[in-house]
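Everything on this sheet refers to the single structure shown next.
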Amino acid sequence: MTEADPAADTVADPVADTSAAAKAFEADLARDLLAARDRCETIRPPTQRTEEFGLDRAYRVAADLDRRLRQREYGLLGCKVGFTNRAIWPRLGLDEPILAPIYARTLRPARPVTEISLATFCAPMIEVEVIFGIEPERDAPNGGRPSWIALGFEIVDCHYPDWRLTPADSVADFGLHGALIVGRPVNRRVQDFDERVARLDRLEVRLLRNETLVARGRGSDVLGHPLEALEVVPRLWPRFGEAGIPESGMVVSTGTMTPLEPLSLREVWRVEAKGVDLPGLEIVLTD
């Protein structure tokens with residue numbers, strides 16, 4: 001992980017926070033973060049550049065970056081919900097989770113064993129999440145009901161040195177979203193689908209690295225129940241402005257059930273489920 005060119009890291013600090021200065025700061029920050037993503041580099045977090053950078057401004061930067069990525073033909077597929085462990089909210093000054101887009105280029109359906117290259121990530125870590133496919137409904141323009149559920153890995157990535165960040169820094173940095181690997185889904189056509197969804201708070205997962213257990217988690221760690229994450233989407237999605245809900249429905253990753261774990265080349269990561277019948281998945285990390 002390398003530091004970006006200091007010259008590229010220098011932006012105007014809007015001390016007076018006039019509208020023009022704030023917009024210039026946010027545009028420069030979006031440019032710097034996109035360059036850091038392209039080059040797998042780090043930059044100084046925005047909250048270290050100015051004390052006037054909070055969640056409202058972070059979502060404006062995130063919306064700008066979403067527009068830039070979609071101009072690069074990153075097809076919008078859905079969103080991830082982050083910071084879903086309420087126990088850490090007081091320490092972080094939060095009263096709700098965060099949201100970030102997911103794209104066709106960042107989503108991978110898992111095969112029995114899926115190879116994932118680490119070449120495009122800066123400081124990748126892994127999380128285990130419950131993922132929903134959501135059917136669009138006429139009376140629910142910002143969402144709908146689950147059409148499938150799956151276990152998945154989110155590879156989160158950070159473009160700040162040593163993962164030193166605040167929630168506002170996180171939102172601005174693509175919501176820390178790097179990639180989403182989706183396990184074999186359980187479809188609504190399965191007879192006990194609704195029961196499995198209802199029991200997701202009783203889900204238990206085991207995360208293994210090279211067959212060594214490194215973490216455990218529960219569905220109840222996600223806002224009490226992963227379904228609660230779906231309530232966040234219509235409330236926060238308007239922060240992304242023109243980014244409409246995909247017409248064919250959307251993928252929603254509901255937040256981690258396990259602590260962040262760093263990734264290294266040639267590791268094999270596997271997750272197993274208990275309490276709810278969901279297929280596990282396995283990935284192999286390559287260069």
Side-chain angles (χ1 to χ4, degrees), residues 1-4 6 8-17 21-37 40-66 68-69 79-102 121-127 129 154-178 221-223 229 232-233 235-240 253-262:
M1 185 166 53
T2 59
E3 282 286 346
D9 192 35
T10 302
V11 296
D13 184 346
V15 175
D17 197 25
K23 288 180 179 178
F25 179 93
E26 292 159 13
D28 286 347
L29 177 59
R31 178 204 66 204
D32 290 352
L33 281 165
L34 193 59
R37 180 188 176 109
C40 296
E41 296 176 341
T42 61
I43 65 170
R44 190 156 58 101
T47 56
Q48 292 183 17
R49 305 182 187 194
T50 173
E51 296 179 356
E52 304 299 325
F53 194 82
L55 283 171
D56 286 343
R57 300 185 67 186
Y59 275 111
R60 289 200 294 268
V61 173
D64 186 359
L65 287 167
D66 172 59
R68 294 176 189 233
L69 288 179
C79 59
K80 62 162 283 187
V81 185
F83 292 109
T84 52
N85 185 339
R86 289 192 178 101
I88 67 173
W89 287 3
R91 176 165 54 86
L92 297 175
L94 285 173
D95 57 10
E96 65 179 352
I98 67 169
L99 201 69
I102 292 172
F121 301 110
C122 183
M125 296 196 189
I126 196 168
E127 302 177 341
E129 310 209 356
E154 186 184 15
I155 297 179
V156 291
D157 202 14
C158 178
H159 299 96
Y160 310 125
D162 304 317
W163 274 82
R164 295 178 181 172
L165 47 76
T166 69
D169 295 322
S170 303
V171 168
D173 188 13
F174 307 92
L176 307 179
H177 176 62
D221 295 333
V222 181
L223 299 173
V232 175
V233 178
R235 187 165 69 249
L236 292 182
W237 195 255
R239 298 268 200 165
F240 292 91
S253 191
T254 60
T256 185
M257 294 178 284
T258 55
L260 287 174
E261 297 288 343

Drop me the distance from Glu26's CD to Phe53's CZ, to the nearest 0.5 angstrom.
6.5 Å
Inter-residue atom distance Gln48.CD - Thr50.OG1, 0.5 Å rounding:
12.0 Å
Output the distance between atom NE2 (His159) and atom CG (Asp32), rounded to the nearest 0.5 Å.
12.5 Å
Begin with the C-alpha distance, continue with both residues' side-chain angles, and end with the deciding distance and a verdict on side chain to side chain contact (heavy atoms under 4.5 Å, CB included) for Thr254 and Thr84.
CA-CA 8 Å; Thr254 60; Thr84 52; over 6 Å; no
Leu165 side chain near Leu176 side chain, heavy-atom distance below 4.5 Å
yes
Within the structure provided, determine whether Phe25 and Glu52 are in side-chain contact (heavy-atom separation under 4.5 Å).
no
Tell me if a side-chain donor or acceptor on Asp169 pairs with a main-chain N or O of Thr166 at a distance below 3.5 Å.
yes
Without swapping roles, check the side chain of Asp157 against the backbone of Ala123 for a donor-acceptor pair under 3.5 Å.
yes
Take Val171 and Arg239 through the test side chain to side chain contact (heavy atoms under 4.5 Å, CB included) and record every step on the way to the result.
CA-CA 11 Å; Val171 168; Arg239 298 268 200 165; over 6 Å; no
When you compare the side chain of Val222 with that of Val81, does any pair of heavy atoms fall below 4.5 Å?
no
Between Gly175 and Ala100, what is the shortest heavy-atom contact and its length?
CA-CB, 3.6 Å
Please name the residue in the list Thr256, Leu260, Ile126 that meets the side-chain contact (heavy atoms from CB on, under 4.5 Å) test with Val156.
Leu260
Give a yes or no on whether the backbone of Phe83 and the side-chain of Trp89 come within a donor-acceptor separation of less than 3.5 Å.
yes
Which atom names give the shortest non-hydrogen contact between Trp163 and Cys158, and what distance separates them?
CE2-CB, 3.3 Å
Verdict with supporting geometry, Arg49 and Ile43, side chain to side chain contact (heavy atoms under 4.5 Å, CB included):
CA-CA 11 Å; Arg49 305 182 187 194; Ile43 65 170; 3.3 Å; yes
What do you reckon, is CZ of Arg68 surrounded by more than 12 foreign heavy atoms closer than 6.0 Å?
yes
Would you compute the distance between atom CG of Asp173 and atom OH of Tyr160 and round it to the nearest 0.5 angstrom?
4.5 Å
So, Glu154 versus Ser253: side-chain donor-acceptor pair below 3.5 Å or not?
no
Taking atom CG of Asp221 and atom OG1 of Thr258, what is their separation to the nearest 0.5 Å?
9.0 Å
If you measure from the Lys or Arg side-chain nitrogens to the Asp or Glu carboxylate oxygens, is any gap between Glu129 and Lys80 under 4.0 Å?
no
Would you indicate whether the side-chain heavy atoms of His177 and Ile102 approach each other to under 4.5 Å?
yes
Pro97 and Val232 have their tightest heavy-atom pair at CG-CG2, 3.8 Å
How long is the span from the CZ atom in Arg44 to the CG atom in Leu29, to the nearest 0.5 Å?
11.0 Å
Please check if the side chain of Asp162 supplies one atom and the backbone of Arg164 the other of a donor-acceptor pair under 3.5 Å.
no
Does Arg86 have any salt bridge (Lys or Arg N to Asp or Glu O under 4.0 Å) partners at least two apart in sequence or in another chain, and if so, which?
none
Which heavy atom in Leu65 sits nearest to a heavy atom in Ala172, and how many Å separate them?
CD1-O, 3.2 Å
